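These notes concern the structure reproduced below.
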Protein chains: 2
Amino acid sequence: MDELDSALVTLLQRDARQTNRELARALGIAPSTCLERVRALHRRGVIVGHHAKVDLSRIGRPVQALVAVRLRPPNRPVIESFQQFVTQLPETLSVFVVSGAEDFLIHVAVRDTEHLHAFVLDHLTQRREIADVRTSVVFQHMHKPVAEPLPGRSAPSDRRGRGGYGGPDGDGR
Amino acid sequence: MDELDSALVTLLQRDARQTNRELARALGIAPSTCLERVRALHRRGVIVGHHAKVDLSRIGRPVQALVAVRLRPPNRPVIESFQQFVTQLPETLSVFVVSGAEDFLIHVAVRDTEHLHAFVLDHLTQRREIADVRTSVVFQHMHKPVAEPLPGRSAPSDRRGRGGYGGPDGDGR
DNA sequence: GATGAAACAACCACGGC
DNA sequence: GCCGTGGTTGTTTCATC
């Protein structure tokens, strides 16, 4: 995970459909080299997928909300079963399991406020393990497409013997 | 936005790097037809970009948190200036402007809990407009890669002029 | 709009440095 | 580990229905 990998990760997050040639030219390296680096990033699990991003308001889901949920009792079986349940609902975009006053935060996108209300009443509060629900409408959602390796300290490059995360650079091919 | 467009949107969200041939074959249409449909989705702003997804823990940012912030006074200049400020911080992944007890919800990914603490103390609470901060550690974050057009009612065909959220404009491609 | 064929460009494995 | 080249594949355009 050197400087070059970081640059590749940033560029591919910004636009996953650049051709390998464009990438190589942007970094000043040969296309074949670039290709191998990108493949290594996939092999090591740094890049986990490529997804098209859609405008939710243009697929009939212009209203977003965050629904905070507290469960009772908040033990593992209850948490895990609820998580699985809520993940599979079509309105759900993403699910946070969090510490603090609430246990879950559910990010949903729906057709309109009526639909939102129905979601909470007909899907959520029907579950008996729910102790509390707090719904916040999302006025704006700014999502940064690029998550850069943080400044001030680089990601562990190749410190061997360290118990970090599974020593990605294992295969010596 | 017919049944075919919906299928394309779903498939491209799942994997943006499928070749046009694969897409066409999956839908049972000719590659050239498929290409034109996909282009139309871009033109109409349904698909706004293609982004590689990275494993945050593998780029040195394994700890995530949600930081709820209440501002004072919560008027437009204060909200907008704070939003711009917090969006540009490197720790920030996404920013929700919400209704309810708090005004902002900031999703951050950091190196460790010490870094999280420093983020809150050195970046956020330094701003004078902040009335309250509540930090929740994220134990799990399940993100659904695919947002399907919701069942029960089809999406508006092509209503133009709506500004979505004034965020980063799609890179036309 | 959808289709098929031909020009064009990109990808990818290989051998050499 | 990085680079250039040749065979292969996919994309893109155009004429046609």
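Residue numbers begin at 1 in each chain, while the letters A, B, ... track the order of the sequences. Predicted model, so just to flag it, every value in this text is computed and none were measured.
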Inset, instruction - Provide the full list of salt bridge (charged side-chain N to carboxylate O under 4.0 Å, His left out) pairs with a residue in residues 96-109 of chain B, sequence neighbours left out, each pair given once. - result: B:Glu102-B:Arg134

Legend entry - Value in whole Å for how far the P atom of C:dC12 lies from NE2 of A:His42: 11 Å

Using a cutoff of under 3.5 Å, can you pull out all pairs of nitrogen or oxygen atoms linking the protein to nucleotides 3-7 of chain C, with atom names and distances?
from: C:dT3; atom 1: OP2; to: B:Ala30; atom 2: N; distance (Å): 3.1
from: C:dT3; atom 1: OP2; to: B:Thr33; atom 2: OG1; distance (Å): 2.8

Could you tabulate the donor-acceptor pairs under 3.5 Å formed by side-chain atoms of residues 61-75 of chain B, not counting sequence neighbours?
from: B:Arg61; atom 1: NE; to: B:Ala109; atom 2: O; distance (Å): 3.0
from: B:Arg61; atom 1: NH1; to: A:Glu148; atom 2: O; distance (Å): 2.7
from: B:Arg61; atom 1: NH2; to: B:Pro90; atom 2: O; distance (Å): 3.1
from: B:Arg61; atom 1: NH2; to: B:Glu91; atom 2: O; distance (Å): 3.1
from: B:Arg61; atom 1: NH2; to: B:Ala109; atom 2: O; distance (Å): 3.0
from: B:Gln64; atom 1: OE1; to: B:His107; atom 2: NE2; distance (Å): 2.7
from: B:Asn75; atom 1: OD1; to: B:Val78; atom 2: N; distance (Å): 3.2

N/O donor to acceptor pairs below 3.5 angstrom from side-chain atoms of residues 25-35 of chain A, sequence neighbours left out:
none

Inset, instruction - Measure the angle between the two terminal helix axes of the helix from C:dG1-D:dC17 to C:dC17-D:dG1, five base pairs each, and quote it to 10°. - result: 20°

Inset, instruction - Examine C:dA2: is either OP1 or OP2 under 4.0 Å from a nitrogen or oxygen in the side chain of B:Arg37? Give yes or no. - result: yes

Distances under 3.5 Å between protein N/O atoms and the N/O atoms of nucleotides 8-11 of chain C, please, pair by pair.
from: C:dC11; atom 1: OP1; to: A:Asn20; atom 2: N; distance (Å): 2.4
from: C:dC11; atom 1: OP2; to: A:Asn20; atom 2: N; distance (Å): 3.4
from: C:dC11; atom 1: OP2; to: A:Arg21; atom 2: N; distance (Å): 3.3

Inset, instruction - In whole angstrom, give the distance that lies between atom CG of B:Leu23 and atom P of D:dG10. - result: 13 Å

Inset, instruction - Return the value, rounded to whole Å, for the distance between atom CG of B:Leu41 and atom P of C:dG1. - result: 13 Å

Legend entry - Any donor-acceptor pair under 3.5 Å from B:His117 side chain to B:Thr113 backbone: no

Inset, instruction - Using the test side-chain hydrogen bond (donor to acceptor under 3.5 Å, both in side chains), find all partners of A:Glu129 that sit at least two apart in sequence or belong to another chain. - result: A:Arg127

Legend entry - For B:Asp55, all residues meeting salt bridge (Lys or Arg N to Asp or Glu O under 4.0 Å), sequence neighbours excluded: B:Arg58

Inset, instruction - Only counting residues at least two apart or in another chain, list the ones meeting side-chain hydrogen bond (donor to acceptor under 3.5 Å, both in side chains) with B:Glu36. - result: B:Arg43

Legend entry - All salt bridge (Lys or Arg N to Asp or Glu O under 4.0 Å) counterparts of A:Arg76, not counting sequence neighbours: A:Glu80

Legend entry - Atom pair distance, as rounded to whole Å: CG in B:Leu27 and C1' in C:dG1: 16 Å

Inset, instruction - Could I get the full list of side-chain hydrogen bond (donor to acceptor under 3.5 Å, both in side chains) partners for A:Ser136, not counting sequence neighbours? - result: none

Inset, instruction - Any pair with a residue in residues 3-21 of chain B that passes salt bridge (charged side-chain N to carboxylate O under 4.0 Å, His left out), sequence neighbours left out, goes on the list, sorted by first then second residue, please. - result: B:Asp5-B:Arg37, B:Asp5-B:Arg44

Inset, instruction - Could you tell me the separation between the CZ atom of B:Arg25 and the C1' atom of D:dT9, rounded to a whole number of Å? - result: 14 Å

Inset, instruction - For the pair B:Gln126 (side chain) and B:His123 (backbone), establish whether a donor and an acceptor sit closer than 3.5 Å, ignoring hydrogens and angles. - result: no

